[in-house]
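To start, the structure itself, in C-alpha cells.
Side chains are part of it too, since the values below use all heavy atoms of this structure and drop only hydrogens, waters and symmetry mates. Note on naming: letters A, B, ... go to the chains in the order of the sequence lines (proteins, then strands), and numbering restarts at 1 for each one.
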Amino acid sequence: MTHFSFEVAYRRDKARIGTLETPHGCIQTPVFMPVGTQGTIKSVLPSDLWDTGTRIALSNTYHLYLRPGAETVKAAGGIHSFMNWPGAVLTDSGGFQILSLGHLLSLNDEGVTFRSHIDGRLIRFTPEDAVQAQLDIGADIIMPLDQPSPYPASFNEAKEAAERTVRWARRAKNVDVPARQALFGIVQGSVYPELRQGCAADLMDIDFPGYALGGLSVGEPKEVFYEITEATTSVLPDSKPRYLMGVGHPVDIIEGVLAGVDMFDCVLPTRNARHGRAFTFLGPLNLKNARFAQDNAPIEEGCDCHACQGFSRAYIRHLLQAEESLAWTLLTLHNLRFFQRFMNSLRRALQEGSQLNFLEKMRKLYP
RNA sequence: GGAGAGGUACCCAAGUGGCUAAAGGGGGCAGACUGUAAAUCUGUUGGCAGACGCCUUCGCUGGUUCGAAUCCGGCCCUCUCCA
C-alpha cells in the first residue's frame, strides 16, 4: 500500500467508525495517537509500543528539524526506520511549538523567525520549509505550518491567524508531495464558529485528504470547545478524516467522536505516566500516594498490558519514589494500553448504541 | 588528661536579644498536567482548630531581661587535634 485512503464503515449519528490506510498499515478509527515529539515515545521500546495496540504515533517537525535535522532523518531512510517503528507516523508541523515556546521573533505572511530553544540560533521557517522538512522526515501524514490563536483571542486576531493559516496551507499544498504522504489542512478560528467554518471552507477549496481542528482545548470553557468542534466538523466533508489536534482527556475524546472526529493525539497518557498517574476504567490512580505502599495488586485488575503482568502497585510506587526509569516505562505502557482499550470500548459502544452511557461513565470517573 | 569546634524541626543547614513556629535545601504528604524546552510545575510539612487563634518547640537545667534559639552559670553529649 503506497497511498493514503480513508473509509467510513459505520455511523452512529455524527460519529463514525472507519479505516485509515497508510503505507505503514491500516488504522481503525476513531484512533488515538500517542505523542513522540523527538522521534520516540518517551521511555518505551517501539516493540512494546506496538504491543499496546498503537498503530500510529506522532512526532514533531519542529523538534526533529532542530535536532538531529530533517536531512539526518532522511539519510537514515526516513522516520520509520530511524526510530525503528513499523507503524504509521504523523508529524506535526511545529506551528504550535514555535508559538508556544516563546522564542518567536517575528511572524508574517512570509513565515516565522524564531530562536531555537536548544542553542538559541536564529531560524527562519516558511510554510514551504515545513513541508520540505516533512518530505525528508517521511511521515505518512504531514501537517502544514499553521498559526493557532491563543485563548482568549479577539475576533480580529483570530480572523487574521485563520486567514494566514489558509494562505500558508495553500503554499504548502503547492509543494509536490509524494503519493505515500498525505498533507492535511488545519482549521483555525479560535472560538468563533463563523471563522472556523469560513476557514474550513477555504481549506476545502484547496482540497486536502484530511482536515485537522487546531487551536482547541487551549483554555476555553469545555462547552465552547465542544460547540466549536461540532460547528467545524459539521461543515467538513464526510468522506475525509477529521483530526482534533492535542486532544486529549478521555471525556473530550468521546465528545469529539460524538461530534464526528476520527483522530486524536495527546501527551496525557505518556506525560502523566512519568508523573505517576495511571488511567484505569475505575478512575485515575496516583501511584505515588502512600496508600499504595503495600498494595500488591496490579495497576488495574484485568488489564492485559505488560505492566499489569506481574508488576504490583507497591513495586511501581517504590520505583517512583526511587526515581527509577522503569516506573515511567511501566506506567507509560499501561496508560498507552488504557487509551487503546478505551478507544476499543468507544468503538464498541458506538456499535451497540451505548455511547451516551459510556460518556456518562467516563465523565464520572474523569471529571 | 589537655586544646579547639559544635549540639536548631524527619534529615542537612541558616539564624547570634523583639519583625522567629524559626530562611534555604533534602525527604515526606498531596495536587496539576490536553498538536511534550515537562523524570516538570504548584501547594503543604510542630500540635490542636473550619477560621480568628491557642498551646508546645532550637541538647538539659538554672539565671539575666519587659522580652531569649540568640546573653550568663552548671551539667550532658558529639567531632577534630595533642598527649
Side-chain angles (χ1 to χ4, degrees), chain A residues 32-44 56-64 66-67 89-104 114-120 130 139 141-151 165 184 186-188 211-220 222 225-226 229 243-256 261 263-279 284-293 317 319-332 335 339 366-367:
Chain A
F32 176 80
M33 309 179 283
V35 181
T37 304
Q38 311 211 62
T40 171
I41 306 293
K42 293 185 198 299
S43 88
V44 300
I56 177 169
L58 228 75
S59 197
N60 197 290
T61 307
Y62 168 81
H63 297 263
L64 296 176
L66 293 181
R67 182 173 57 194
V89 175
L90 181 154
T91 38
D92 184 21
S93 66
F96 186 80
Q97 280 63 42
I98 290 164
L99 290 174
S100 66
L101 297 188
H103 281 74
L104 185 71
F114 62 96
R115 287 201 177 277
S116 160
H117 72 272
I118 297 166
D119 55 12
I141 300 172
I142 65 179
M143 305 302 293
L145 192 66
D146 65 326
Q147 186 187 348
S149 291
Y151 180 82
T165 294
F184 278 26
I186 303 178
V187 180
Q188 292 294 346
Y211 296 90
L213 287 73
L216 281 168
S217 198
V218 290
E220 73 281 10
K222 290 276 181 178
F225 165 35
Y226 300 150
T229 301
Y243 163 29
L244 183 50
M245 306 183 81
V247 174
H249 189 96
V251 171
D252 296 345
I253 289 177
I254 301 175
E255 292 280 6
V261 175
M263 303 165 67
F264 302 85
D265 80 278
C266 192
V267 303
L268 225 43
T270 48
R271 179 188 287 165
N272 280 11
R274 277 175 275 119
H275 297 169
R277 316 281 305 205
F279 286 88
L285 251 40
N286 184 348
L287 270 302
K288 288 195 284 195
N289 287 173
R291 65 195 170 105
F292 297 118
R317 172 179 145 83
L319 295 176
L320 286 166
Q321 298 289 83
E323 296 185 64
E324 283 290 341
S325 68
L326 183 57
W328 343 133
T329 298
L330 293 173
L331 278 167
T332 299
N335 282 352
F339 268 68
Y366 292 91

query = So what does G215(A) hit on the nucleic acid, given a heavy-atom distance under 4.0 Å: a base, only sugar-phosphate, or nothing?
reply = base
inquiry  = Can you measure R317(A) atom CZ to rG28(B) atom P for me and round it to whole angstrom units?
reply    = 8 Å
task = Report the residues that fulfil side chain to side chain donor-acceptor pair (under 3.5 Å) with S116(A), sequence neighbours left out, ordered by chain and then residue number.
result = D119(A)
key: From CA spacing to verdict: side-chain contact (heavy atoms from CB on, under 4.5 Å), T229(A), L244(A)   = CA-CA 8 Å; T229(A) 301; L244(A) 183 50; 4.2 Å; yes
C1' spacing across the pair rG15(B) / rA21(B), given as an integer number of angstrom = 14 Å
message = Walk along nucleotides 40-47 of chain B from 5' to 3' and tag each nucleotide B, S or - by protein heavy-atom contact under 4.0 Å, base first, then sugar-phosphate.
response = B-------
query = For N272(A), which contact category applies under a 4.0 Å heavy-atom criterion: base, sugar-phosphate, or nothing?
reply = base
message = Centroid separation under 6.0 Å, is that true for the rings of Y62(A) and F114(A)?
response = yes
request  = Select one nucleotide: of rG35(B), rU36(B), rC33(B), the one nearest the side-chain heavy atoms of R277(A).
outcome  = rC33(B)
inquiry  = Working note: L320(A) + W328(A), criterion side-chain contact (heavy atoms from CB on, under 4.5 Å); need CA distance, chi angles, decisive distance, verdict.
reply    = CA-CA 8 Å; L320(A) 286 166; W328(A) 343 133; 3.6 Å; yes
note = Answer for the Watson-Crick or wobble partner of rC71(B), both distances under 3.5 Å, is rG63(B)
note = When rounded to whole Å, the CZ to P distance for the pair F339(A) and rU34(B) reads 12 Å
remark   = Across all chains, not counting sequence neighbours, the side chain to side chain donor-acceptor pair (under 3.5 Å) partners of K222(A) are D252(A)
message = Rounded to whole Å, please give me the gap between CG in N286(A) and P in rC33(B).
response = 12 Å
message = As a test of reading the structure: which of rU36(B), rG35(B), rU34(B) is closest to the side chain of H249(A), going by heavy atoms?
response = rU34(B)
inquiry  = What is the distance, to the nearest angstrom, from the CG atom on N289(A) to the C1' atom on rG28(B)?
reply    = 12 Å
Donor-acceptor pair present, D146(A) side chain and rG35(B) base, under 3.5 Å = yes
task = To the nearest Å, give me how far apart CG (D119(A)) and C1' (rA37(B)) are.
result = 12 Å
remark   = Taking for R271(A) and for A290(A) the nucleotide of RNA chain B with the nearest heavy atom, the one nearer the 5' end belongs to A290(A)
